[in-house]
Amino acid sequence: MTTIGVIGAGQLGQMLGIAGKKMGLQFIFLDPSARPPAATVGPVLRYAFDNEEGLAELAAGSDLVTYEFENVAVAAIEKIAATGTVYPPAKALRHAQDRLVEKTLFTTLGIPLAGFRAIDTEEDLRAACTDLGLPLVLKTRRFGYDGKGQSVIRSETDIGSAFAELGGSDLIAEQWIAFDREVSAIAARNVSGDVVSYPLTENQHEQGVLSVSKAPVAADELTEMANRYLTSLLSHLDYVGVLALELFVVGDRLLANEIAPRVHNSGHWTIEGAATSQFENHLRAILDMPLGNTEALGHSGMINLLGRMPGKAVVSQMGDCFLHDYGKDPRPGRKLGHVTVVADTPAARDERLKSLGKLLII
Ligand SMILES: Nc1ncnc2c1ncn2[C@@H]1O[C@H](COP(=O)(O)OP(=O)(O)O)[C@@H](O)[C@H]1O
Ligand SMILES: [Mg+2]
């Protein structure tokens, strides 16, 4: 029996485990949390993510290692790769961890994006405001997620406070994009180099956190463009696994925002809404199996359940939908679960999302 070792035992690890169990795989996780979501699908080694002993135990206890979040130390992945197998490769992780390295890669590959500058001093930031124009968004280069580590600069008077708020170095300034909408492109590449991609997903964020995703986006040219960008990233990074690319749509153009070297929240709809889920395809990719069909089975919508889960009375009124409960303790704004609807038409999907939204008061 094949055992997959996963660094991180959050909801992404849990959903990987659920998909993998159906494929006859076993799982073991590494996570310091007391009761992480993935504990329901496999044993958890309770060590810090960078603990050498824990990482060695994970590698020794599994045939293959993968990870569910991008803040794993690159050195840890390199160490596992020296004697065993770990995907996605360290090279991809290195690029995804640092917004400056990531955006420089987009530039190198000819993928359009918002203007940006590295910021290490307040003078750098003043110069960026002049060069790129306002508004700007100042971000930490590393460790940002769900909109954390960001500050929007609308006028020159915001410069000092934004700079101080984010710690004053290892920052990046980007032009603020008045986008028409945000989309994500998700693809999988296996060890043999075969690539499959999902239909584009449209994403709505609330205060930097994903709130609602809808797929497929009916836009053939944008889809084709996004797939071209994804394909060049996948081959440049010798990528293996699922890769997500977040993009801004501006008219008929796409501007790349960031990549995630893992299964992605905007791809949760694929569990019920695509022939093969992103979780199954990630596992197929790292095991060098043939990749599964990514076709949408209908028109899907996903709502993130943030801060609290619906009670019994609400659930009984939710109708035909798929409710996922990650089993986490509620905390304001925390991702506790999600709901997916799959409908026959975009209008029916939107109608279902609207009534669910009212019920869940999102
Ligand atoms: N340059 C930008 N212009 C407009 N909106 C932005 C910009 N950068 C980030 N945002 C908004 O903030 C969200 C989170 O930012 P992102 O860079 O994706 O960081 P995170 O790693 O937290 O997901 C984006 O999905 C988008 O809605
Ligand atoms: Mg993002």
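Ligands are counted one by one from 1 in listed order, and the atoms in each one are counted from 1 as well. Just so you know, these numbers use all the heavy atoms, side chains as well, and skip hydrogens, waters and symmetry mates.
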**Item:** R94 with E78: basic N within carboxylate O range, under 4.0 Å
**Value:** yes
**Message:** For atom 9 (C) of ligand 1, what is the closest protein heavy atom, and at what distance to 0.1 Å?
**Reply:** K139 NZ, 3.3 Å
**Asked** Can you tell which of F49, Y145, F29 makes a ring pair (Phe, Tyr, Trp, His ring centres under 6.0 Å) with F69?
**Response** F49
**Fill in**
Under 4.0 Å between heavy atoms, the region of W176 that gets near ligand 1 turns out to be both
**Request:** State whether R99 and E174 are salt-bridged, where the test is any N-O pair (Lys NZ or Arg NE/NH1/NH2 against Asp/Glu carboxylate O) under 4.0 Å.
**Result:** no
**Prompt:** Where is the tightest heavy-atom contact between R308 and L360, given as atom of each residue plus distance?
**Reply:** NH2-O, 4.2 Å
**Fill in**
Looking at R181, Q150, E102, the heavy atom closest to atom 15 (O) of ligand 1 belongs to Q150
**Message:** With a 4.5 Å cut-off on side-chain heavy-atom distances among I, L, V, M, F, W and Y, is there a chain of contacts connecting Y47 to V72?
**Reply:** yes
**Prompt:** Does N203 approach ligand 1 within less than 4.0 angstrom via side chain, backbone, both or neither, non-hydrogen atoms only?
**Reply:** neither
**Item:** Nearest-0.5 Å distance, CD of residue E122 to CG of residue D124
**Value:** 10.0 Å
**Distance filter under 4.0 Å to N257 heavy atoms, resulting ligand 1 atoms** = 16 (P), 17 (O), 18 (O)
**Asked** Backbone or side chain, does any N or O of G208 fall under 3.5 Å from an N or O of ligand 1?
**Response** no
**Asked** With the threshold set at 4.0 Å, does a side-chain nitrogen-carboxylate oxygen contact exist between K335 and D146?
**Response** yes
**Message:** Out of all atoms in ligand 1, which are within 4.0 Å of some heavy atom of H205? Include the element for each.
**Reply:** 25 (O), 27 (O)
**Prompt:** What atom name does the N, O or S atom of E246 nearest to the Mg ion (ligand 2) carry?
**Reply:** OE1
**Message:** I'd like to check which ligand 1 atoms, numbered from 1 as shown, lie under 4.0 Å from a non-hydrogen atom of E246.
**Reply:** 18 (O)
**Prompt:** Is there a donor in the side chain of N304 and an acceptor in the side chain of S211, or the other way round, less than 3.5 Å apart?
**Reply:** no
**Item:** Identity of the N, O or S atom of E258 lying closest to the Mg ion (ligand 2)
**Value:** OE2
**Message:** If you take the nearest heavy atom of each of E182, E174, E258, which one is closest to atom 21 (O) of ligand 1?
**Reply:** E258
**Prompt:** If you measure from each non-hydrogen atom of I177 to ligand 1, which part falls under 4.0 Å: side chain, backbone, both or neither?
**Reply:** both
**Request:** Please identify which atoms of ligand 1 are closer than 4.0 Å to at least one heavy atom of G147.
**Result:** 20 (P), 22 (O)
**Request:** Take Q11 and H324 through the test side chain to side chain donor-acceptor pair (under 3.5 Å) and record every step on the way to the result.
**Result:** CA-CA 10 Å; Q11 65 267 19; H324 296 252; over 6 Å; no
**Message:** Test your reading of the structure: does A114 have an N or O sitting under 3.5 Å from an N or O of ligand 1?
**Reply:** no
**Prompt:** Which of the numbered atoms in ligand 1 are below 4.0 angstrom from a heavy atom of D146?
**Reply:** 20 (P), 22 (O)
**Request:** Inspect the contact between E202 and K214 and indicate whether a charged nitrogen and a carboxylate oxygen are less than 4.0 angstrom apart.
**Result:** no
